[in-house]
Amino acid sequence: DEITPLEAIEYNGAGALVAPSRAREGLRRRMIRTRNLAGQVRQVLRKKRFPDLIMIWIGHNNTDWVEGLSPLEREHPQEHMREMAARFGENYTESLRDLLDRAKAEKHNVAVVVFGLVNFDAFFKGRRKAEALHARNPAVYPYLETAYKSFESLTPPYQKNMALLGSMLNAKIQTMVGRLQRELKNHPNVRLQYSDVLRKVDFSRLELINPADAWHLSIEGHKALAEAAFRAIAPSLEFVGAARASPATAARADGVRQTR
């Protein structure tokens, strides 16, 4: 509110995936009313007033490479991981293009910021520290092992490939954004931005990891991501007319359009 009048809407949900637009969510996700990225995009597209700024971060859910594989496939997962990354890129592009097609038709400027995944190698360093503390005192990080039940790739034998898959997905995101940016050259009202700032947050620091399960973020972890993201979106805020006025300008609110 110090920068511009703001209406913020959050569409994400626990367990959401980058998946085909026509894919049906599994039973567990339906029970908690999770919408995959394509479903979240449909919610945005149904809004009469299209947002000025859209921020997308897919988190970690698409990095569970172990799910559904046989023991033999787990020993040799390279082809499976390449296929996962390829499908991820195709599905992400489909959903993002739907947003951009709508943005092109708007009469106001629209900025879309796509964030890369965090650095899983750094995160696993932090988690190993938490595991060592938990081994000495089980009361510390009391729910450390619960994530293994729902996210098997988090277990130590599979962490290396999970981090590798995360890097592969980031590469797909960067390639996708570069390609779509070229498609926007004749649409000056739309700005598409990729940012890797969340990858630079050092999640080897225990204070950024949840003290209960060492899997989700702590309050400080959320703050670290929010601060990094806010710095990254400065050019997009300026593009939509929501940049902070400089001391040389008139009143701070002059010329600032409401951002939704």
Going through the distances and angles, do R49 and E7 end up as a salt bridge (Lys or Arg N to Asp or Glu O under 4.0 Å)?
CA-CA 11 Å; R49 180 29 165 108; E7 178 186 342; over 6 Å; no
Can you name the closest pair of heavy atoms from N170 and G116 and give their distance?
OD1-CA, 3.2 Å
Closest heavy-atom pair and its distance - G166, T63
CA-CG2, 4.2 Å
Using the ring pair (Phe, Tyr, Trp, His ring centres under 6.0 Å) criterion, which residues pair with F88? Sequence neighbours excluded.
Y92
Just so I know, are the side chains of V201 and E227 near enough to count as touching, which here means a heavy-atom distance under 4.5 Å?
no
Test: R205 and E220 ion pair at under 4.0 Å
no
Starting from F230, can I reach M55 by hopping between I/L/V/M/F/W/Y residues whose side chains sit under 4.5 Å apart?
yes
Would the distance check show the side chain of E73 and the main-chain N or O of S70 forming a donor-acceptor pair, the cut-off being under 3.5 Å?
yes
Decide, yes or no, whether a salt bridge links R74 with E152 under the criterion of side-chain N to carboxylate O below 4.0 Å.
yes
At what distance, to the nearest 0.5 angstrom, does CG of N109 lie from CD of E238?
11.0 Å
Apply side chain to side chain contact (heavy atoms under 4.5 Å, CB included) to the pair R128 and Q159, showing each step before the final yes or no.
CA-CA 11 Å; R128 284 192 288 271; Q159 291 176 1; 3.7 Å; yes
Going from CG on L37 to CD on E94, what distance comes out if it is rounded to the nearest 0.5 angstrom?
9.5 Å
Heavy atoms only: give me the nearest G126-L206 pair and the separation to one decimal.
O-CD2, 3.2 Å
Could you check whether any side-chain heavy atom of Y148 comes within less than 4.5 Å of a side-chain heavy atom of P156, counting everything from C-beta outward?
yes
Report yes if the distance between the aromatic ring centroids of H60 and F120 is under 6.0 Å, otherwise no.
no
Would you indicate whether M81, at its atom CE, is surrounded by more than 12 heavy atoms from other residues, nucleotides or ligands within a distance under 6.0 Å?
yes
Given 3.5 Å as the limit, does a donor-acceptor pair link the side chain of T146 with the main chain of Y143, or not?
yes
I'd like to check the salt bridge (Lys or Arg N to Asp or Glu O under 4.0 Å) partners of K47; sequence neighbours left out, ordered by chain and number.
none
So do V177 and T175 actually touch side chain to side chain, heavy atoms under 4.5 Å?
no
Taking N161 for the side chain and P77 for the main chain, is one N or O donor matched with an acceptor at less than 3.5 Å?
no
Check whether any side-chain N or O of N61 sits under 3.5 Å from a backbone N or O of L17 as a donor-acceptor pair, and report yes or no.
no
For F203, which residues count as a ring pair (Phe, Tyr, Trp, His ring centres under 6.0 Å) partner, sequence neighbours excluded?
none
Side chain to side chain contact (heavy atoms under 4.5 Å, CB included) involving V140 - partner list, sequence neighbours excluded:
L133, N137
By ring pair (Phe, Tyr, Trp, His ring centres under 6.0 Å), which residues pair with F124, not counting sequence neighbours?
none
Should V44 and I9 be counted in the same cluster of Ile, Leu, Val, Met, Phe, Trp and Tyr side chains packed under 4.5 Å apart?
yes
In short, ring pair (Phe, Tyr, Trp, His ring centres under 6.0 Å) pairs touching residues 157-190 with sequence neighbours left out are W65-Y158
Can you check whether L165 reaches M84 side chain to side chain, under 4.5 Å on heavy atoms?
yes
Contacts of R179 that satisfy salt bridge (Lys or Arg N to Asp or Glu O under 4.0 Å) - sequence neighbours left out:
none
Any side-chain heavy-atom pair from E67 and D64 closer than 4.5 angstrom?
yes
In plain terms, say whether R102 and E106 are close enough for a salt bridge, that is, a side-chain N and a carboxylate O under 4.0 Å apart.
yes
Taking every heavy atom of Y141 against every heavy atom of H134, the minimum-distance pair comes out as O-ND1, 3.1 Å
How would you list, by chain and number, every residue that makes a salt bridge (Lys or Arg N to Asp or Glu O under 4.0 Å) with R199, sequence neighbours excluded?
none
All pairs passing salt bridge (charged side-chain N to carboxylate O under 4.0 Å, His left out) where residues 129-148 contributes a residue, at least two apart:
R127-E131
I'd like to check the side chain to side chain contact (heavy atoms under 4.5 Å, CB included) partners of K200; sequence neighbours left out, ordered by chain and number.
D196
Given the rule in the side chain to side chain contact (heavy atoms under 4.5 Å, CB included) test, do F50 and H108 qualify, once you have shown the distances and angles that lead to the verdict?
CA-CA 9 Å; F50 197 67; H108 63 275; 4.3 Å; yes
Determine yes or no for a side-chain-to-main-chain donor-acceptor pair under 3.5 angstrom, with S218 supplying the side chain and E207 the backbone.
yes
Quick one: does V113's side chain get under 4.5 Å of I54's, heavy atoms only?
no
Atom pair CD/CZ of Q181 and R191 - distance to nearest 0.5 Å
8.0 Å
Quick one: NZ on K172 to CG on L117, what's the gap to the nearest 0.5 Å?
14.5 Å
Within the distance-only criterion (no hydrogens, no angle test), does the side chain of N119 pair as donor or acceptor with the backbone N or O of D121 below 3.5 angstrom?
yes
A side-chain contact here means heavy atoms from C-beta on lying under 4.5 Å apart; do L192 and L96 qualify?
yes
Does a sphere of radius 6.0 Å around CG in L45 hold more than 12 heavy atoms from other residues, nucleotides or ligands, not counting ones at 6.0 Å or beyond?
yes
Tell me if a side-chain donor or acceptor on N36 pairs with a main-chain N or O of A19 at a distance below 3.5 Å.
no
Determine yes or no for a side-chain-to-main-chain donor-acceptor pair under 3.5 angstrom, with Q40 supplying the side chain and R35 the backbone.
yes
Residue list, ring pair (Phe, Tyr, Trp, His ring centres under 6.0 Å) with F115, at least two apart or on another chain
none
Kindly state whether the ring of W215 and the ring of F123 have centres lying under 6.0 angstrom apart.
yes
With no hydrogens and no angle check, is any side-chain donor or acceptor of H80 less than 3.5 Å from a backbone partner on V66?
no
Salt bridge (Lys or Arg N to Asp or Glu O under 4.0 Å) partners of E90, counting only residues at least two apart:
none
For a quick test of reading the model, state the closest non-hydrogen atom pair linking A38 to S95 and the distance between them.
CA-OG, 3.5 Å
Rounded to the nearest 0.5 Å, how far does CD1 of I209 lie from CG of L217?
9.0 Å
Looking at every non-hydrogen atom in both residues, tell me the closest pair between N62 and V18 and how far apart they are.
OD1-N, 2.9 Å
Are any of the side-chain heavy atoms of M162 and F151 separated by less than 4.5 Å?
yes
Which value, rounded to the nearest 0.5 Å, describes the distance between L225 atom CG and L208 atom CG?
8.0 Å
K160, NZ atom: more than 12 neighbouring heavy atoms under 6.0 Å
no
With distance as the sole test, does D52 use its side chain to make a donor-acceptor pair with the main-chain N or O of V240 at under 3.5 Å?
no
